[in-house]
Structure formats: C-alpha cells, structure tokens
There are 4 protein chains.
Amino acid sequence: MSVSERKEREKEQRRQEILRAAKTVFFRNGFEKTSMEMVAEECQLAKGTLYLYFKSKEELYLSLVEDGIRILDEMMEKTIAKPLRADEKLLALAQTYFRFTQSHNEHFTIFKMIDVGTLNGKVDQEKLDEIQRLRMAAFERMEEVVAEAIRQGAFQTTHKPREIVMMLWAATFGAIMMCADKCQQLDMFKEVHAEKFVMRIASALIESFRTANVQEEPLGRENERKRKTQKTVEETEPQKSF
Amino acid sequence: MSVSERKEREKEQRRQEILRAAKTVFFRNGFEKTSMEMVAEECQLAKGTLYLYFKSKEELYLSLVEDGIRILDEMMEKTIAKPLRADEKLLALAQTYFRFTQSHNEHFTIFKMIDVGTLNGKVDQEKLDEIQRLRMAAFERMEEVVAEAIRQGAFQTTHKPREIVMMLWAATFGAIMMCADKCQQLDMFKEVHAEKFVMRIASALIESFRTANVQEEPLGRENERKRKTQKTVEETEPQKSF
Amino acid sequence: MSVSERKEREKEQRRQEILRAAKTVFFRNGFEKTSMEMVAEECQLAKGTLYLYFKSKEELYLSLVEDGIRILDEMMEKTIAKPLRADEKLLALAQTYFRFTQSHNEHFTIFKMIDVGTLNGKVDQEKLDEIQRLRMAAFERMEEVVAEAIRQGAFQTTHKPREIVMMLWAATFGAIMMCADKCQQLDMFKEVHAEKFVMRIASALIESFRTANVQEEPLGRENERKRKTQKTVEETEPQKSF
Amino acid sequence: MSVSERKEREKEQRRQEILRAAKTVFFRNGFEKTSMEMVAEECQLAKGTLYLYFKSKEELYLSLVEDGIRILDEMMEKTIAKPLRADEKLLALAQTYFRFTQSHNEHFTIFKMIDVGTLNGKVDQEKLDEIQRLRMAAFERMEEVVAEAIRQGAFQTTHKPREIVMMLWAATFGAIMMCADKCQQLDMFKEVHAEKFVMRIASALIESFRTANVQEEPLGRENERKRKTQKTVEETEPQKSF
DNA sequence: TATGAATGAGAATTCATTCAT
DNA sequence: AATGAATGAATTCTCATTCAT
C-alpha cells in the first residue's frame with residue numbers, strides 16, 4: 001500500500017508541476033504562441049511525458065482554468081463565511097473577485113485567452129460540464145447572500161436575487177477588465193487605483209438596490225416576441241428611465 | 001478619368017469584399033484559428049490576392065477592428081447629437097454601445113479576440129495609433145456630455161467627468177460581455193433580456209451620480225505608495241461603504 | 001517609314017531602360033532575391049510590360065549577361081587595336097579585363113550570379129549559343145595575339161596559342177575573383193591593390209612564356225585513358241616540374 | 001551509458017545522412033533552387049525532421065561548406081607534412097587543392113554557390129567566424145611554407161610570403177574554376193587535362209618567384225589615395241612590365 | 001502597346017501528437 | 001513511467017506569369 005500511495009502522491013506532484021509550468025508559459029506567451037515543447041522545457045520533462053498527464057494541449061489549458069476557478073471559489077467561500085451583514089458581504093465579494101485577479105493574475109489572464117466554448121470537441125465534455133457547474137455554484141452562493149439581504153430588509157428592490165447577482169457580477173467584471181493589463185487597455189485606465197475603481201462601481205450598484213425602483217420590471221425575455229412586433233419606443237429610442 | 005475612376009471603385013469594392021469575408025471567418029473562428037486560406041475561400045479569391053490589399057493577416061484583422069471602431073464612433077456621435085438632456089444622453093450612449101454590439105456582433109466579437117501582443121511589430125504603428133486615437137476621441141466626447149450634466153446640476157457627484165465616463169463604460173462593457181454569445185457565457189445570462197439588463201446597470205450607475213456621495217475621494221493612484229506602507233484596513237478587509 | 005522607325009527606336013529605348021533597371025536591382029539584390037516587380041518599379045513600368053520585351057526573368061538576366069560580354073568584347077578589341085608589341089598586348093588585355101570588372105562592376109557581379117548552364121530550357125537556346133559564340137570570338141582574337149607574339153619570337157614556349165590564352169585567362173580571372181567584393185572574400189585580399197595584384201600575376205605568367213620550358217608537353221587529354229590504367233606517379237604524387 | 005552512447009551515435013549518423021543528402025541536392029540544383037522538401041526526400045525523412053538537426057536551410061548549407069573546408073584543410077595538412085622541399089610543397093599544395101575539387105566536387109561546387117549575403121542574419125555569426133578562421137589558418141600554414149622556401153634560398157623574390165600565397169592561390173583557383181564542370185565553362189576547357197593545366201599555371205608562377213624581379217614593389221594599397229590624385233600613366237594605360 | 005489585378009504553385013518553418021525504446 | 005526522435009499537416013507569405021481591358 002505504502003508504495004502505491006507514494007507513487008500516487010508523486011504522480012500528483014508531477015501533475016501539479018506541469019500545471020505550474022503551463023501556467024507560467026501560457027501567461028507569458030498566450031495559448032497559441034505557447035508550444036508543448038515550451039511547457040516541457042519549463043518543467044524539465046520530456047514533451048511526451050506531458051501527454052501521460054494531459055490528453056492534449058487544450059485539456060492542459062482547461063485544467064488551468066479549472067484550477068483558477070477553484071481558487072476563486074475558495075476565496076469567495078471564505079468571504080461568505082465572514083461575520084458581515086449580507087449587503088456588506090456582496091461588496092466584499094466584489095473585492096474578493098478583484099483581489100483574485102490581482103493575486104492570481106496568471107490564472108485570470110489565462111481565463112481570457114480563449115473562449116472555453118471553442119474547446120468543444122477537443123476536451124472531455126465532462127470537464128467542461130464540471131467547470132460550468134463550479135461557476136454556477138459560485139453564483140448560487142451569491143444568490144443566497146442576496147436573498148438574505150432581502151430578508152433582512154437591506155434591499156428593497158423587486159429584482160430577483162439572481163438578477164441582482166448577475167448585475168453585480170457583470171459590472172465588477174467590466175471594471176476589472178478595464179483595469180487589466182495585457183488587454184487593449186485604454187491609457188486613462190492606467191492611472192486609476194484599480195481596487196478603488198472596482199469597488200466604487202460595485203458599491204454604486206449595491207446602493208441602488210437598497211431603494212426600490214418603482215419602474216422595475218423583470219429582466220427576463222419571456223415576452224420578447226410580442227414586443228418585437230409592436231416596436232415600442234423603448235427599442236428604438238433610448239429609455240429615459242426604468 | 002471615367003475608366004480609372006471605375007477601376008478605383010472596383011478596387012475599393014474588392015477591398016470591402018475581402019473585409020466582409022474576413023469578418024465572417026474571423027468572427028467564426030477567432031484570429032488564430034482562421035487562416036488566410038479560409039478568408040480567400042470565403043470571398044472566392046486566390047490566397048495571393050489578399051496580399052494585394054492587406055500586407056499581412058494581422059493588418060487585415062486590424063482593419064476590421066478599425067472599421068468596427070469607426071462604426072461605433074459614428075453611432076455614438078449620432079446619439080450625442082440627439083436633443084436630449086445630458087444625463088439622458090449618457091444612458092442613450094450605453095444603449096448605443098449595446099446596440100452596436102448587437103447589430104455589429106462580428107465586429108464586437110473581433111474586438112474581444114484581439115491580443116494586442118500578437119500584432120506588435122506586425123502592423124504599422126501608425127494604424128495602431130489611429131485606433132487608439134479614435135477610442136480616446138469617443139471617450140472625450142462622453143466626457144463633454146458628463147461635464148454638461150454637471151453644469152446643468154443633474155449630477156452632484158464630486159467625481160471628475162473622466163472618472164464617471166470610465167465607470168459607466170466599464171459597467172456597460174461588463175454587462176454586454178456577460179450577455180455576449182461567444183463568451184464563456186453562463187447559462188443564466190441566456191435568459192435575460194440583454195438590452196434591459198445592460199440599461200438597468202447603466203441607469204443604476206447614472207442614478208448614483210445624481211446624489212453626491214460624501215465619502216467620495218479621487219480614484220487616482222497618486223498616493224498609492226504611502227498607503228502601501230501603512231496597510232490600512234481598507235486594503236486588507238472589505239470596505240463596508242464609500 | 002519615319003513613323004515606324006521612330007516606333008522602332010522608342011521600343012529599343014524602352015528595352016534599354018528595362019535592362020538598366022534590371023542591372024541595378026539584380027546587382028543590388030542578386031538574381032533570386034530580385035522580383036520582376038522590383039525591376040518594374042525601378043523603371044517605372046508595369047510588371048506586365050516587362051514581358052513584352054523579355055520572355056522571362058531568366059531571359060532578362062541573360063540579356064544583361066550578353067550586354068556585359070559585348071562591352072568586355074569591345075574593350076578588348078580596342079586594346080588589341082593599340083600599337084603595342086604582341087606580348088605587351090597580352091598584358092594589356094589582362095588589364096582590360098580587370099578594368100572591365102571595375103568600371104562595369106554590376107555586369108561582372110551579375111555574371112557570377114548564376115551558372116549560365118542552369119538556364120538551359122528556360123531561355124532560347126539561340127541566345128545561349130550567341131553568348132557562347134561571343135566568348136569564343138574573344139578567345140580567338142587573343143589567340144591571334146599570342147600567335148603573333150610567337151611569330152615575333154617573343155615567346156619561346158612550345159605551348160599552343162590557345163593553351164597560352166587559357167592559362168592567362170584563368171589566372172587573371174582567379175586574381176580578379178579573389179579581389180572582388182560580394183564574394184566570400186578573404187580579409188587579406190581587402191588590403192591589396194587589386195589592379196597591381198592582377199597585373200603581377202598576369203605578367204608573371206607572360207614572363208614564363210618568354211623562355212621555353214623543355215619539359216613542356218601538350219595539355220590535351222587525348223591519352224588520358226591509357227594513363228588512367230598505368231597509374232603513374234604523376235597522378236598520385238605531386239608533380240615536381242613540367 | 002551504452003544506451004545513451006548508441007543513441008548519440010545514431011543521432012550523429014542521422015546528421016551525417018542529412019548532410020549527405022543535402023550535399024547531393026544542393027550540388028545538383030544550387031542553394032536557391034533546392035527546397036528542404038527535396039533534401040527530405042533524398043534522405044527519406046520528413047521535412048520537419050531536418051529542423052531537429054539544423055536550425056534552417058541556411059545553417060544546413062553552411063554546415064556543408066564547413067565540412068568541405070575541413071576536408072580541404074586536412075588534405076593540405078597532409079601535403080605539408082610530406083618530406084618535400086618547401087618550394088616543392090607549394091606546388092604540391094596547388095595539386096592538393098585541385099584534387100580536392102575533383103574528389104569532393106560537390107563540396108567545391110557548393111562553395112561557389114554560396115552568396116554570403118543570403119546567409120547574413122540567418123546563421124550563427126559564430127559559425128561564420130569559425131569558417132573564416134579555418135580559411136585563414138590554411139593561408140597561414142601556406143605562408144609558413146613560403147617563408148621556409150625563402151629561408152632556404154629557393155625564392156629570391158622581394159614579395160612578402162603572404163603576397164606569394166595570395167598570388168598562388170588566386171591563380172590556382174582561377175585555373176580550377178575554368179576547368180570546373182558546372183561553370184559557364186567555355187568549350188575549349190573541356191579539352192584540357194585539368195590537373196596538368198592547373199599545375200602548369202601554378203608552376204609557372206612558382207618559377208617566377210625563384211628569380212627576383214627588380215621592379216617588384218609592395219602590392220598593398222597604402223598609398224592609393226596619393227596615386228589617385230596624381231593620375232599616373234600606370235592607372236590609365238596598360239603597364240608594360242613590372 | 002501598356003497595364004496591373006489575379007492567380008496558384010510553391011517556399012520555409014512550426015508543432016501537436018505518436019510511438020518505439 | 002519517461003523519453004525524445006520523427007512525423008506531416010498546416011500556416012504565412014512570395015512571385016513569375018497571364019490576361020482582360
């Protein structure tokens with residue numbers, strides 16, 4: 001037993017070492033400009049060995065994405081566990097997302113490299129599903145927090161919890177992207193204090209949930225077809241309010 | 001004259017035809033996974049012909065980006081020209097951005113695919129500068145609108161106009177990204193009415209600018225170093241408010 | 001008549017202009033690295049036009065070679081016409097060859113670019129023959145000079161005139177090549193006075209023809225087969241004299 | 001050890017096999033007209049494999065040149081080691097050069113095909129330097145032989161040893177070139193016994209070194225500028241003697 | 001006659017993946 | 001399990017030549 005256990009452990013270590021190397025070089029060069037040869041060199045293994053641990057370059061990439069998501073997930077879990085009010089937690093979660101992109105810049109940069117969708121057919125569907133599941137789980141946890149905030153009366157909004165999470169997530173993501181290096185970053189964004197910037201957007205949104213907006217209506221697209229036909233002002237002219 | 005004019009026009013048409021084909025296939029496969037061969041096939045020309053109109057694959061790609069930015073720029077200009085109040089214009093601009101991403105989905109998708117690093121040294125710096133200039137110009141126009149809103153007393157915020165534009169832009173971008181097809185889109189986003197979603201986020205932000213937030217401080221990073229040393233709660237713990 | 005004459009003249013001028021342009025760019029870039037496009041640009045004509053005057057890139061090249069040979073031929077003719085003793089003329093001819101390579105460096109460099117033999121099948125055999133004929137003619141004229149030198153008693157050698165010309169030509173050619181730029185020139189040759197160097201070699205050889213060398217035997221290979229079989233020392237060991 | 005040794009040996013053999021194939025096809029077609037595909041076919045390997053052994057087509061070519069020079073160098077070394085008088089050795093060296101061009105015709109032909117410009121920037125400067133060094137070394141060894149001949153009183157010439165080597169080398173090279181197959185060889189040269197021809201020229205030159213030529217002056221170009229200005233007869237008119 | 005747009009057959013090189021050892 | 005040599009399809013780009021105008 002002890003022998004096979006050690007072997008198992010060593011195998012896992014090797015796998016981790018490959019992932020580390022891949023993270024380094026993918027981050028440095030991007031997905032397409034990184035060759036398996038480069039990964040092999042970085043971790044001092046032979047090219048062929050990589051294929052004992054990962055079925056393809058795509059699968060290696062996807063494993064990194066998975067790792068990154070797990071890390072983010074754990075960070076968010078810890079934040080949720082903190083003794084804060086529900087509405088405070090939401091802001092803290094935005095901060096957590098931002099801090100993840102800073103402390104795990106490689107992982108975040110790697111996320112952005114390719115659309116996971118492109119990998120369809122090149123990797124186990126199973127693995128893609130697992131990632132989708134992980135991301136959903138994070139969302140659901142956040143929904144819980146929002147639901148609590150509503151129960152506690154912190155939010156008066158008529159939006160559903162899920163919608164609130166989506167809005168918060170989207171805005172936070174946009175803020176982070178704009179500040180991220182390695183993007184087609186506009187000069188002006190180089191000068192802002194990234195964390196403050198992200199937090200300001202997130203808290204502005206959260207603030208807006210505290211007071212009910214009477215014009216709020218569901219964000220769903222159920223009645224979309226009908227609307228299309230009647231061509232309301234709303235679709236052709238800017239909406240002046242909600 | 002007439003002959004050379006016609007030739008000129010035909011040449012421009014051919015160029016446009018290549019751009020159309022390129023847009024189609026770059027949109028479908030992304031930059032790296034698209035070969036010049038594929039573009040050539042799409043527009044029924046020989047591979048070599050493409051090089052009569054574009055110096056390299058990178059330049060062809062960048063021309064698409066440039067076109068897209070010009071289109072967006074024009075759309076935004078028209079919105080700004082509308083007889084609306086300044087604060088209404090800001091919302092209308094967010095909508096314009098969104099509508100651009102819908103009606104010119106290929107262009108928008110192509111924006112996102114760009115990895116600036118790939119283009120370095122392969123494209124005229126001139127062209128890159130021109131694009132940067134266009135993007136800056138759009139921002140500056142939006143700043144004007146914000147400045148007007150402040151002058152009109154619609155916004156009480158102490159933020160500088162530029163900061164407001166950045167926040168609005170970032171949030172809108174994030175919202176659009178989350179709803180965009182080709183992203184690692186989460187299932188839940190498939191179910192929202194994209195335009196409403198984007199507009200809701202934008203208007204929530206705009207709303208927050210109407211009332212001064214007393215805790216507001218500049219977003220710049222000037223005093224970053226000092227802060228680093230004194231390690232305030234703000235940097236290690238989630239901020240509870242602004 | 002006058003009209004067709006003018007046309008004829010213009011056509012010839014155009015041809016010359018193309019040749020001039022080709023000479024310039026072939027010299028600058030070499031045969032392979034020169035494209036017809038470059039030639040066209042240099043002479044401000046369209047690519048297609050070049051093919052009205054020259055059947056192919058190879059034929060254009062060969063025409064340059066032909067021109068060069070004609071120039072050299074004329075220069076040699078003038079030298080031969082000078083009122084010098086026959087043996088002096090031979091030295092003068094070596095000098096003429098050298099001076100041709102200096103004053104018509106482009107032509108000479110172009111000579112060396114490709115083996116004329118490689119053009120077989122890519123150009124009119126006729127043209128190849130014409131070039132061969134021109135080169136032979138030059139040789140025959142030199143033979144005449146040598147024959148005269150022998151008749152005048154300047155040379156005591158038992159070599160046939162043709163052999164003497166060949167030796168002189170070969171040595172002169174070698175000397176010029178060694179001093180030529182654009183070759184894989186050894187450093188040391190950069191420091192010699194090229195003309196003196198060439199002339200010294202030529203005159204050393206000419207000097208050697210003044211006195212009969214008793215061991216001289218014909219340079220022909222008639223009896224080669226026989227020799228091969230008997231394997232003399234001469235073939236395996238260095239010959240100590242002739 | 002034995003395993004890795006065998007692998008090492010096999011790898012070297014493969015390298016040699018590629019070099020052999022490359023020699024064959026480069027010899028047949030020249031550098032530009034040979035494609036890596038052709039080399040690959042000749043040695044029954046895949047195109048990509050060539051790049052495991054040679055960084056580029058240029059490097060493969062240069063390796064052949066290097067090999068050739070090494071072979072010639074060894075042959076010359078053996079000749080120099082022979083128990084001959086210094087002046088006899090010089091003749092023997094010319095013969096050695098000639099014999100190299102016969103027994104290693106491919107290598108010699110490949111020498112001539114090289115257009116150094118093509119290799120610039122595509123090959124390790126180191127390798128180019130090594131080749132330059134090898135060629136210089138050969139020259140220096142020959143200089144030694146000449147210096148000895150002078151010490152032994154065989155040569156009365158006032159030329160410096162280096163100049164003598166250069167003259168001998170240039171003339172021998174010219175003679176060999178004229179007889180070489182793949183050149184724009186004149187018909188008449190097909191009929192001479194190449195070795196005799198080469199040797200005759202070399203020995204004529206060597207003979208001329210035995211007796212001092214009173215008019216000898218240094219071949220250097222130190223005082224070139226002065227001469228340019230005073231425009232002596234020597235520069236415009238053929239020199240009648242030395 | 002002159003043009004120059006279009007062609008399409010290559011060229012060099014890269015690299016994910018396989019497989020014999 | 002680990003290796004790394006070998007593969008060969010794919011990619012970008014070039015250019016001599018043709019041909020409709």
Side-chain angles (χ1 to χ4, degrees), chain A residues 7 10-11 14 32-41 44-60 122, chain B residues 3-4 6-8 10-11 14-15 18 32-40 43-60 122, chain C residues 7 10-11 14 32-41 44-60 122, chain D residues 3-4 6-8 10-11 14-15 18 32-40 43-60 122:
Chain A
K7 284 215 167 175
E10 274 174 6
K11 191 162 177 179
R14 194 80 92 177
E32 305 286 350
K33 289 244 173 70
T34 295
S35 68
M36 291 299 264
E37 179 64 45
M38 289 158 94
V39 177
E41 228 162 67
Q44 308 268 47
L45 286 172
K47 234 186 318 183
T49 309
L50 305 188
Y51 287 87
L52 297 177
Y53 293 86
F54 300 92
K55 275 216 287 274
S56 67
K57 189 185 174 188
E58 279 80 12
E59 183 129 339
L60 175 53
K122 296 223 172 193
Chain B
V3 169
S4 76
R6 183 168 48 78
K7 286 215 165 177
E8 205 57 42
E10 273 172 9
K11 197 164 175 179
R14 191 75 92 182
R15 205 188 119 96
I18 293 172
E32 307 283 357
K33 294 235 169 63
T34 296
S35 70
M36 289 301 261
E37 180 64 45
M38 289 159 89
V39 178
C43 59
Q44 306 270 50
L45 286 172
K47 231 181 327 175
T49 309
L50 305 188
Y51 288 90
L52 296 177
Y53 292 86
F54 299 94
K55 275 214 291 275
S56 66
K57 185 185 170 187
E58 283 80 9
E59 179 140 334
L60 173 55
K122 299 228 182 182
Chain C
K7 284 214 168 177
E10 274 174 6
K11 190 163 176 176
R14 193 82 92 178
E32 305 285 350
K33 289 244 172 69
T34 295
S35 68
M36 290 300 263
E37 179 64 45
M38 290 159 93
V39 178
E41 228 162 69
Q44 307 269 50
L45 287 173
K47 234 187 316 184
T49 310
L50 305 188
Y51 286 87
L52 296 178
Y53 293 87
F54 300 93
K55 275 216 288 272
S56 67
K57 188 183 172 188
E58 279 80 10
E59 184 129 338
L60 175 54
K122 296 221 171 194
Chain D
V3 170
S4 76
R6 184 169 47 78
K7 284 215 167 179
E8 205 58 40
E10 273 172 8
K11 196 164 175 179
R14 191 75 91 181
R15 206 188 117 96
I18 292 172
E32 306 282 357
K33 295 234 170 66
T34 296
S35 70
M36 289 301 260
E37 180 64 45
M38 289 158 90
V39 177
C43 60
Q44 306 270 51
L45 285 171
K47 234 181 322 176
T49 308
L50 305 188
Y51 288 88
L52 296 177
Y53 293 86
F54 300 93
K55 274 213 290 275
S56 65
K57 186 185 171 188
E58 282 80 9
E59 179 139 335
L60 173 54
K122 299 228 181 184

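Taking atom CZ of Arg6(B) as the reference point, atom P of dA5(E) lies 13 Å away to the nearest angstrom. One can place CD of Gln44(D) at 14 Å from C1' of dA6(F), the figure rounded to the nearest angstrom. Distance NZ (Lys122(D)) to P (dA11(E)): 15 Å, rounded to an integer number of Å. Protein atom CG of Leu60(A) is 14 Å distant from nucleotide atom C1' of dT17(E), rounded to whole Å. Spacing between atom CG of Leu50(D) and atom C1' of dT7(F) amounts to 11 Å, rounded to whole angstrom units. As a whole-Å value, the separation of Met38(D) CE from dA11(E) P is 8 Å. As a whole-Å value, the separation of Phe54(A) CZ from dT18(E) P is 16 Å. If you take CD of Glu8(D) and P of dG4(F), they are 11 Å apart, rounded to a whole angstrom.
Checking the phosphate oxygens (OP1, OP2) of dA2(F), a side-chain nitrogen or oxygen of Arg14(A) falls inside 4.0 Å. Using a 4.0 Å cut-off, no side-chain N or O of Lys7(D) falls inside it from OP1 or OP2 of dG4(F). Distances shown here put every side-chain N or O of Thr49(D) at or beyond 4.0 Å from the OP1 or OP2 atom of dA5(F). Applying the 4.0 Å criterion to OP1 and OP2 of dT3(E), one finds that Tyr51(C) has every side-chain N and O outside that range.
You'll find the side chain of Glu32(C) reaches within 4.5 Å of the side chain of Lys33(D), heavy atoms only.
Of the two residues contacting DNA chain F, namely Lys57(C) and Ser35(B), the nearest-nucleotide position lying further toward the 5' end is that of Ser35(B). Where Leu45(B) and Thr34(A) each meet DNA chain E at their nearest nucleotide, the meeting point lying more 5' is that of Leu45(B). Mapping Ala46(D) and Gly48(B) onto DNA chain F by nearest heavy atom places Ala46(D) at the nucleotide closer to the 5' end.
Ion pair Arg14(A)/Glu10(A) not flagged as a salt bridge, since none of the NZ, NE, NH1 or NH2 atoms sits closer than 4.0 Å to an Asp/Glu carboxylate oxygen.
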Intermediate values then yes/no, side chain to side chain contact (heavy atoms under 4.5 Å, CB included), Lys11(A) and Lys7(A): CA-CA 6 Å; Lys11(A) 191 162 177 179; Lys7(A) 284 215 167 175; over 6 Å; no
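Here the closest non-hydrogen pair linking Ala46(C) and Ala40(C) is C-CB, 4.0 Å.
The side chain of Leu52(D) sits closest to dA6(F) out of dA6(F), dT13(E), dT3(F). Considering only the side chain of Met36(D), dA12(E) comes nearest among dA5(E), dT3(F), dA12(E).
Judged by distance alone with a 3.5 Å cut-off, no donor-acceptor contact links the side chain of Lys47(D) to the base of dT7(F).
Look at dA20(F): its Watson-Crick or wobble partner, with both distances under 3.5 angstrom, is dT3(E).
No donor-acceptor pair under 3.5 Å is formed between the side chain of Lys122(B) and the backbone N or O of Lys57(B).
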